[in-house]
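In what follows, every chain begins at residue 1, and chains take the letters A, B, ... in the order their sequences are listed.
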Amino acid sequence: MNMSMVKVMLPGEQVQVPQDSTLAQVAEQLAPGAVAARLNGELVDLTHPLDQDAKVEFITVASPEGLEILRHSTAHVMAQAVRRLFPGARLAIGPAIENGFYYDFDVPEPFSPDDLTRIEEEMEGIIKADLPFKRQELDKGKALGLFAGEEYKEELIEELPDESVTIYSQGEFVDLCRGPHLPGTGHIKAFKLVNVAGAYWRGDSSRPMLQRIYGVAFPTQEELAEHLYMLEEAAKRDHRRLGRELDLFSIHEEGPGFPFFHPKGMVLRNLLEDFWREEHAKRGYKEIQTPIILSEQLWRQSGHWDHYQENMYFTKIDDAAYAIKPMNCPGAMLVYKERLHSYREFPLRLAEMGLVHRHELSGVLHGLMRVRCFTQDDAHIFMLPSQIKDEIMGIIDLVDYIYRQVFGFEYRVELSTRPENSMGSDEVWERATTALQEALKSRQMEFTVNEGDGAFYGPKIDFHLRDCLGRTWQCGTIQLDFLMPERFDLVYVGEDGERHRPVMIHRVVLGSIERFIGILIEHYAGAFPLWLAPVQVRLLAVGERHSEYVLGLEKKLSGCGIRVESDVRSEKVGYKIRDAQMQQVPYMIVVGDKEVESGMLSVRHRRQGDLGVMSVDEFVQRVEKESRSKQGD
RNA sequence: GCCGGCGUAGCUCAAUCGGCAGAGCAACCGCCUUGUAAGCGGUAGGUUGCGGGUUCAAAUCCCGCCGCUGGCUCCA
C-alpha cells in the first residue's frame, strides 16, 4: 500500500509524516511537552490532522500562548465542576486573564467561600480523570439547539459572524468555544480559586448580575506558590497600610473618600508640588487658582449640568443654586475671558492645582487611589489650531520625563474616543481625535484605543500607572476640546485683526495628587528617595547624656535644609535603629561619646547599613547631592 | 449603586456548642545608661461599627443601617 506523506516544517527541522497524522502524533516524537500548536500561523489543538504540507510550531505551557490555553482550559474544568455541583447554573463567559481565569455563572444563589472549596475538589477529580478535550464544528442552528435554554450562550452564538461555530467537550461537559484547548484535563497541574464577585452580563449594569469566580493557574505548583507569595509581599506595599504605618494620611468613617493628610504626608505632598511648579514654570505655564464653589448657571453653560450632574455635589447660598466643582475648566474659562487675548500670547498655559469633588459610587472608593475629593494638577492651554500638535507633543514629553525619567515608572498609553453621552458634531470629534492620534504617532508612542471612553467634551490620551497588585490607574490625561471655547464664546485677536475661536487642551500630568502619592507609596514600598522622604535623617542618641548634643546637631542639620528628627528616648541603640528602619528613614546617625568628642558623624544608611564615620560637611554634601539626583536607593 | 466577604483595645489578632471579652506590639510610668534591626517590670486602654430583635444569657444567632474590602459599573 502506498501511503502518501506530507511535509512538516518545524523550527530548525523538517520531517515527513503520513498524511492525516495528527499533530499529537508528531509531537509525541518531537515535542513531548506540547499542549497545542501553531499551524501555518494559527493556534490549533493537537488533535488537528495534517492533510497537507504545513509549517508547525509546537506550544508548551511555558510560552505565553500555552499558558493562556492552560488557563482557559482550567476555566472550562471549573465550569464543568460548577455544573456538576449546581446543575441549574447557566454559563456565560470564561476567558483566561492575567495569572488565571474567570467564569461567569447565572445561579439563583451567590456562591459562598465554602462552595469554592467544593468546586476545587470537584475540579481535582476532573483533572485526575484526564478527560480529553474534544473539538467539534457545527452550524449555528444545531448549536442553538444544543444550547437551548442557555440564554447567554444563545446570545453569543447569534452574534458570531460565521455560519458554523465550534464547541468543545470534556466528559459530559460541552461549551461554546473557539479554542484551542489542552489535550486533556490531566495537563492542569496547579490552580486555585481565589474569589467570587458579582459581575454584570457584558459589563452592563442594566443587565443581570452574574456570579464570577476568579482562579489562578500555573504550569507548576512551585509557580503557583510563588505567585501567592508575591501577592502577600505586594500586600505589604499597599499604600493604605503604609499610609497608616508611616503616618502619612488617614481616611475616616466621618468622611468616606475624603482623605486627611498628616504632617509627614504633607511634607511629601508639598515636595511633590514644589517639583511640579518648578517643572511647569520652566515650560512656560502660569499658575492660577479658581474657587471650589461656583454658580449652578456656570455649570449649565459648560455642559456639566447635562453630562456630569450625577457626579456633582450641589449647595445653596442665599437661596441661589451653586455647585461644588468637579472639574477646573469652567473657572479657567472665566479667567481667560477676563480680557481680550492676542494670538501673540499663544499658547497660553494656565495651570491650576485644583481641588475637585466628585460623587463616586460607594463601592469604588479605594484608599487614595479613588476618592471623592482630589487635587488635579490641571492646566488649560489656549492656542491656535496650528499649535495643537506641538503642544500635545510637549505634554507627552513632560509626562514621560516625570513618569519614566524621574520616577522610573512603566506606563501605558490609551487613546479614548467619543462616548455616547457627549456634546458636539462628529466632524469636530473626528478632527480632535485625529490630532491626538497624530501627536502619538509622531512621538512613536505605543498606545491602545479605548473606544467610547473619552470625556463628554472631547477625546483624550490617558496615561496609566500600575499599583502593587498590577491594577492600573489613570493618572495623566490630555484632552482636546473644541467645544468649551464655543460654549463660553472664547475669542482671540488674530494677525488679521479679526476675532477667532481658540482651541483648548485640558491636561493633567500627575492626574490627582492623591492618587499619584498612592502610586508613589507603592512604587517605593514606603522607602521614598531622599528628595521626597518626609524625614531624611534621624539622630539616635546612645545614652541620655548625649541628648543635648543631639538636639544641637539637629538644629545644625535642619539649618542646612535637611529634614531631620532626633530620637532621645531612653532606649537601646538597636531599638532606635529598628524603629527608624521600619519608618524607612534614609539615614540614621548614631551619636555617643565618640561622636561628641570628635565632632564626627557615624552614619547608617537604611539599605547599605553602617557607612562609617564622616564629617558634618561631608554628610551634608552627600545628602544634597543625593537629593538633587532624585535617585532612589 | 450592584454581588460577595469582613468589622473585637491605637495596630495585628484570640475568645470551643450562645455562658465572666483576652494576648502581642504601640502608649504611659519605673528600672537599666544603653554603640548599628526589638532590654526588663508595671499601669492604663473596650457600650465587641451603630440600632433593633431572639434568648435566662449575644462578640457569637436574626433583621436594618454605616463603614471597610474583592470584583462589576464608573472614573483622575
Side-chain angles (χ1 to χ4, degrees), chain A residues 102 104 107 109-113 115-116 194-214 238 240-241 244-245 247 250-257 308 310-311 326-327 354 356 358-378 416 419 453 455 460 462-465 469 471 473-477 479 506 508-516 518-519 540-546 569-582 588-595 602-606 609-612:
Chain A
Y102 68 78
D104 287 345
V107 280
E109 291 287 317
F111 297 111
S112 70
D115 291 336
L116 287 198
V194 288
N195 56 42
V196 220
Y200 298 109
W201 170 235
R202 306 218 134 166
D204 183 342
S205 56
S206 68
R207 307 199 66 180
M209 177 161 277
L210 309 171
Q211 294 300 315
R212 174 173 299 177
I213 302 179
Y214 283 92
D238 191 310
R240 293 166 297 186
R241 172 178 175 156
R244 187 179 57 242
E245 288 175 357
D247 200 14
S250 56
I251 302 179
H252 304 256
E253 204 169 313
E254 289 83 350
Y308 210 71
E310 284 182 2
N311 286 291
M327 295 188 194
V356 298
R358 296 183 183 176
H359 177 73
E360 297 295 340
L361 295 177
S362 59
V364 307
L365 301 179
H366 182 91
L368 291 181
M369 301 297 197
R370 188 173 284 103
V371 290
R372 283 180 172 154
C373 77
F374 56 100
T375 308
Q376 291 186 304
D377 64 316
D378 218 341
S416 294
D453 214 30
K460 54 182 189 167
D462 295 327
F463 299 87
H464 297 251
L465 294 172
L469 288 175
R471 294 178 289 208
W473 300 91
Q474 187 187 313
C475 290
T477 175
Q479 313 180 346
H506 312 240
V508 289
V509 176
L510 309 180
S512 130
I513 301 299
E514 290 77 2
R515 179 178 285 182
F516 200 80
I519 299 271
L540 314 179
V542 172
E544 241 161 72
R545 65 175 176 278
H546 310 113
R569 290 177 295 180
S570 166
E571 294 287 353
K572 307 279 185 284
V573 171
Y575 179 91
K576 296 183 182 184
I577 286 177
R578 179 180 158 82
D579 192 58
Q581 285 284 153
M582 304 227 296
M588 287 149 269
I589 295 177
V590 177
V591 181
D593 289 338
K594 282 181 276 180
E595 290 72 23
S602 291
V603 181
R604 179 189 164 95
H605 184 269
R606 67 181 167 200
D610 195 345
L611 299 181

Would you mind classifying the nucleic acid contact of [X] as base, sugar-phosphate or nothing, using non-hydrogen atoms under 4.0 angstrom?
X        : value
A/Arg515 : base
A/Asn195 : sugar-phosphate
A/Tyr214 : sugar-phosphate
A/Gly574 : sugar-phosphate
A/Ile251 : nothing
A/Gly198 : base
A/Lys594 : base
A/Gly363 : base
A/Arg370 : base
A/Val573 : sugar-phosphate

Which atom pair, heavy atoms only, marks the closest approach of A/Leu361 to A/Arg372? C-NH2, 3.8 Å

Which base, if any, makes a Watson-Crick or G-U wobble pair with [N], both distances under 3.5 Å?
N      : result
B/rG30 : B/rC40
B/rC61 : B/rG53
B/rG70 : B/rC3
B/rG22 : B/rC13

So, does [X] get its side chain near the phosphate of [N], meaning an N or O under 4.0 Å from OP1 or OP2?
X        : N      : value
A/Arg471 : B/rG71 : yes
A/Lys460 : B/rA76 : yes
A/Ser205 : B/rC72 : no
A/His366 : B/rG70 : yes
A/Arg244 : B/rU12 : yes
A/Gln474 : B/rA76 : yes
A/Arg240 : B/rU69 : yes

Between [M] and [N], how far apart are the [atom1] atoms? Round to whole Å, please.
N      : M      : atom1 : value
B/rC3  : B/rU55 : C1'   : 33 Å
B/rC11 : B/rG46 : P     : 13 Å
B/rG1  : B/rG24 : P     : 41 Å
B/rA9  : B/rA26 : C1'   : 11 Å
B/rG45 : B/rC63 : P     : 35 Å
B/rG30 : B/rA21 : P     : 33 Å
B/rA23 : B/rC61 : C1'   : 27 Å
B/rA14 : B/rU54 : P     : 31 Å

With rounding to the nearest 0.5 Å, note down the distance linking [atom1] in [X] to [atom2] in [Y].
X        : Y        : atom1 : atom2 : result
A/Gln474 : A/His464 : CD    : NE2   : 5.0 Å
A/Met588 : A/Arg578 : CE    : CZ    : 12.5 Å
A/His359 : A/Tyr308 : NE2   : OH    : 11.5 Å
A/Asn311 : A/Glu360 : CG    : CD    : 5.5 Å

Side chain to side chain, [X] and [Y], heavy atoms closer than 4.5 Å:
X        : Y        : answer
A/Gln581 : A/Arg604 : yes
A/Thr477 : A/His506 : no
A/Asp462 : A/Ser416 : yes

Go through the steps for A/Phe516 and A/Val509 under the test side chain to side chain contact (heavy atoms under 4.5 Å, CB included), then give the verdict. CA-CA 10 Å; A/Phe516 200 80; A/Val509 176; over 6 Å; no

Between [options], which nucleotide has the shortest distance from any of its atoms to the side chain of [X]?
X        : options                : result
A/Ser602 : B/rU33, B/rA38, B/rU36 : B/rU36
A/Gln376 : B/rA76, B/rU33, B/rG5  : B/rA76
A/Asp453 : B/rA76, B/rG39, B/rC75 : B/rC75
A/Met209 : B/rU12, B/rG71, B/rA38 : B/rG71
A/Ser570 : B/rC66, B/rG39, B/rC32 : B/rC32
A/Gln211 : B/rA76, B/rC3, B/rU36  : B/rC3
A/Val371 : B/rG71, B/rA76, B/rG67 : B/rA76
A/Glu571 : B/rG35, B/rC72, B/rG39 : B/rG39
A/Glu360 : B/rG35, B/rC75, B/rC66 : B/rC75

Between the side-chain atoms of [X] and the base atoms of [N], is any donor-acceptor pair under 3.5 Å?
X        : N      : value
A/Arg606 : B/rA37 : no
A/Tyr200 : B/rG71 : no
A/Glu595 : B/rG35 : yes

Rounded to whole angstroms, how far apart are [atom1] on [X] and [atom2] on [N]?
X        : N      : atom1 : atom2 : result
A/Asp593 : B/rU36 : CG    : P     : 14 Å
A/Leu116 : B/rG4  : CG    : C1'   : 10 Å
A/Asn311 : B/rU73 : CG    : P     : 16 Å
A/Arg545 : B/rU34 : CZ    : P     : 6 Å

Charged N-O contact under 4.0 Å between A/Arg240 and A/Asp238: yes

Charged N-O contact under 4.0 Å between A/Asp593 and A/Arg545: yes

In terms of the nearest nucleotide of RNA chain B, which residue is placed more toward the 5' end: A/Gly609 or A/Pro256? A/Gly609

For RNA chain B, whose closest nucleotide is more 5', that of A/Ala541 or that of A/Leu361? A/Leu361

Considering only nitrogen or oxygen atoms on both sides, find all protein atoms under 3.5 Å from nucleotides 24-30 of chain B and state each distance.
| unit_1 | atom_1 | unit_2 | atom_2 | d |
| --- | --- | --- | --- | --- |
| B/rA26 | OP1 | A/Tyr575 | OH | 3.1 |

